[in-house]
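Counting starts at 1 for both ligands and their atoms, following the listed order. Values below: all heavy atoms of this structure, side chains included; hydrogens, waters and symmetry mates excluded.
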Amino acid sequence: MGPGTVCAGWALLVLTAAAATLCSGLKCACLLCEHTNFTCQTEGACWEAVMLTNGKEEVVKTCISLVELNAEVFCRSSKNITKRKCCFTDFCNNGTLQLPTASPSTIHWGAVELTVVVTVLVCIVSIALMLTICACHGRHSKYKHAQQQHSEELLSEYNTPNTGKVLKELIGEMSVSGSGSGLPLLVQRTIARTIVVQKVVGKGRFGEVWHGKWCGEDVAVKIFSSRDERSWFREAEVYQTVMLRHENILGFIAADNKDNGTWTQLWLVSEYHEQGSLFDYLNRKTVTVAGMLKLCLSIVSGLVHLHMEIVGTKGKPAIAHRDLKSKNILVKKNETCAIADLGLAVKHDSKLNTIDIPQNPRVGTKRYMSPEILDETMNMQIFESFKRADIYSLGLVYWEIARRCSIGGAIDEHQLPYFDMVPSDPSLEDMRKVVCEQKLRPIIPNRWQSFEALRVMGRLMRECWYANSTARLTALRIKKSISQICVEEDFKV
Ligand SMILES: Nc1ncnc2c1ncn2[C@@H]1O[C@H](COP(=O)(O)OP(=O)(O)OP(=O)(O)O)[C@@H](O)[C@H]1O
Ligand SMILES: *[C@@H]1O[C@H](CO)[C@@H](O)[C@H](O)[C@H]1NC(C)=O
Ligand SMILES: *[C@@H]1O[C@H](CO)[C@@H](O)[C@H](O)[C@H]1NC(C)=O
Ligand SMILES: *[C@@H]1O[C@H](CO)[C@@H](O)[C@H](O)[C@H]1NC(C)=O
Ligand SMILES: *[C@@H]1O[C@H](CO)[C@@H](O)[C@H](O)[C@H]1NC(C)=O
Ligand SMILES: *[C@@H]1O[C@H](CO)[C@@H](O)[C@H](O)[C@H]1NC(C)=O
Ligand SMILES: *[C@@H]1O[C@H](CO)[C@@H](O)[C@H](O)[C@H]1NC(C)=O
Ligand SMILES: [Mg+2]
């Protein structure tokens, strides 16, 4: 184990410790925690370390979480550079740990040599950190020491009994002060490793979704098996695109991979929405006209943000979703939506005019595939094609919502699009026959014509479904149209 690994581990530990102090349990001395009388609480262990920095002994006292950490490594002293101690009774880390007396060779070192050694060490540590992070999490990690320190401060600031707002504020502050792409990766890991998963809330093609708690706050954890590493990696990567955060896109919190030697568990942590997916919601509930417009407007607002390219340093690439459907949209407490499941998304770099198609065996959901995807006539070289395919899927989602709109006495049961035209698990061929050859689309009931809002929604759907993809509406156009109905119908949404 080189000094790089030791120090990378140490940095990880301090952050982990800081996050762990947000939970309760064992009480320990904590030098960073001025807000809590220099004490912290943990489910893990109290930790004390002394290390040589610039020829001076630097003492760290804090809490550490034992959840997933390899305690052996972090509690063991490393020769004569660092001495560490883990202990398990209240305030047991408030002692005076001493480094072994330095060997003669160290004594003869002058200040200059020491500075050089320390500088080199710092570089090695930084590089090791970078490499570790890049190896695990991909190429876009903009890791900054300042940011790391800032997050330590943030974490210790929140070292108070929490009231359920910690994550939101943490993410909010980090996106203002940081790179705009969310929490630093070490903090993500720290959070992920202190989550208690509670129960399965759903199962998709790629693993299970769990409801979990992080220090009392609700979180959703999507657990992929190592077989689906690509899906996990891609989704984490897209969610961490700069400036992606939007109230109608699922709030991403953390990605983590846990490896116990024989088995890798891949985690994606996000906000938890207890109402579940739009699919679940529509099965359970009907909506009013205002409710329908609110759902539809929030979805298209999320899609506008996703599709939009923002240029400049605080910008974002244009992104197409490629798997839009009612199961991949979540319903929040106040019945607005958040678009989820970005594992298939493609980003567009307008400067290079390149589209990064993910190396992912997964294809979109057949039922929601646009005619040009089904008959393979889509021009994959043009990014607009991907956006247009999303719009087609959006039209189908709108149809599902509008059916559940209770107005004029009649309500239809919730159904998936084409439920009456294809078998329950349709093949590509089944879909192609119906959508491309027969040119069928979901049926728009006559009764919709009698109500202005439903009539307009019906028209919007048709304009999303054109076989000629260039004739379809854009997300922005749809957003304006729905906002317009809201004004006309005097709905505040
Ligand atoms: N953040 C979340 N909060 C609450 N429930 C969620 C969250 N994410 C997912 N779920 C629930 O878990 C279910 C499974 O989600 P998942 O994305 O794994 O699969 P899916 O969308 O049903 O299918 P597919 O694999 O085709 O995307 C969802 O349908 C939803 O009910
Ligand atoms: C730790 O020890 C110091 C000095 O021995 C003492 O002043 C301080 O109150 C102790 N801190 C805690 C949290 O017990
Ligand atoms: C810190 O100590 C002071 C006085 O000892 C006490 O009044 C205060 O409640 C303590 N705060 C915390 C967060 O424990
Ligand atoms: C650690 O101690 C050994 C002898 O015990 C010495 O040879 C070595 O140089 C020391 N390393 C550092 C970094 O001080
Ligand atoms: C790793 O985790 C898997 C699945 O939880 C378990 O079956 C296996 O025994 C674990 N291996 C070790 C070395 O802990
Ligand atoms: C819904 O709640 C979110 C926060 O979860 C808030 O930002 C948004 O303004 C709310 N929207 C409406 C229409 O109430
Ligand atoms: C598709 O629609 C666009 C815009 O309405 C139109 O210009 C174009 O000619 C149409 N293409 C075909 C093949 O119909
Ligand atoms: Mg999904």
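The closest non-hydrogen atom to atom 5 (O) of ligand 6, taken over K332, E271, H273, K294, comes from K332. Evaluated by nearest non-hydrogen atom to atom 28 (C) of ligand 1, the leading choice among E235, K327, Q275, R205 is K327.
Ligand-side atoms of ligand 1 in range of A220: 1 (N), 2 (C), 3 (N), range being under 4.0 angstrom from any heavy atom. Close contacts between ligand 1 and G204 involve ligand atoms 18 (O), 19 (O), 23 (O), 25 (O) [criterion: under 4.0 Å to a heavy atom]. Residue E247 has at least one heavy-atom neighbour below 4.0 Å for each of these atoms of ligand 6: 6 (C), 7 (O), 8 (C), 9 (O). If you number the atoms of ligand 1 from 1 as listed, the ones under 4.0 Å from a heavy atom of S270 come out as 1 (N). For ligand 1 and Y272, the ligand atoms under 4.0 Å from any heavy atom of the residue are 3 (N), 4 (C). Close contacts of ligand 1 with H273, meaning ligand atoms under 4.0 Å from a residue heavy atom, involve 3 (N), 4 (C), 5 (N). Below 4.0 Å from some heavy atom of K325 lie the following atoms of ligand 1, by number and element: 24 (P), 26 (O).
Every N/O-N/O distance between K203 and ligand 1 stays at or above 3.5 Å. For D323, no nitrogen or oxygen atom sits less than 3.5 Å from a nitrogen or oxygen atom of ligand 1, counting backbone and side chain alike. Polar contact check, N334 against ligand 6: a nitrogen or oxygen pair lies under 3.5 Å apart.
No side-chain donor from either of K327 and S277 sits under 3.5 Å from a side-chain acceptor of the other.
Of the charged side-chain nitrogens involved, none lies within less than 4.0 Å of a carboxylate oxygen, so that E271 and K332 do not count as a salt-bridged pair. Using a cut-off of 4.0 Å between Lys/Arg side-chain N and Asp/Glu carboxylate O, R322 and D341 are scored as not salt-bridged. By the 4.0 Å N-to-carboxylate-O rule, D228 lies too far from R205 to be salt-bridged with it. R404 and E400 are not joined by a salt bridge, as no carboxylate oxygen comes within less than 4.0 angstrom of a charged side-chain nitrogen. Salt-bridge check for E335 with K294: failed, with every basic side-chain N at 4.0 Å or more from each acidic carboxylate O.
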Can you list, pair by pair, the side-chain donor-acceptor contacts under 3.5 Å of residues 371-380, counting residues two or more places apart and other chains?
{"unit_1": "E372", "atom_1": "OE1", "unit_2": "S370", "atom_2": "OG", "d": "3.4"}
{"unit_1": "E372", "atom_1": "OE1", "unit_2": "R472", "atom_2": "NH2", "d": "2.9"}
{"unit_1": "E372", "atom_1": "OE2", "unit_2": "S370", "atom_2": "OG", "d": "3.1"}
{"unit_1": "E372", "atom_1": "OE2", "unit_2": "R472", "atom_2": "NH1", "d": "2.9"}
{"unit_1": "D375", "atom_1": "OD1", "unit_2": "T377", "atom_2": "N", "d": "3.2"}
{"unit_1": "D375", "atom_1": "OD1", "unit_2": "T377", "atom_2": "OG1", "d": "2.7"}
{"unit_1": "N379", "atom_1": "OD1", "unit_2": "Q381", "atom_2": "N", "d": "2.9"}

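Residue side and main chain included, N328 places an N/O/S atom under 2.8 Å of the Mg ion (ligand 8).
Heavy-atom neighbours of D420 CG from other residues, nucleotides or ligands within 6.0 Å: above the threshold of 12.
For S393, the side chain to side chain contact (heavy atoms under 4.5 Å, CB included) test picks out L324, Y368, with sequence neighbours left out.
Heavy atoms of T365 found under 4.0 angstrom from ligand 1: none, in either backbone or side chain. Under 4.0 angstrom from ligand 1, the non-hydrogen atoms of K222 all belong to its side chain.
No option in I485, I407, L454 other than I407 meets the side chain to side chain contact (heavy atoms under 4.5 Å, CB included) test with V289.
Residue-level check: among N/O/S atoms of D341, OD2 sits closest to the Mg ion (ligand 8).
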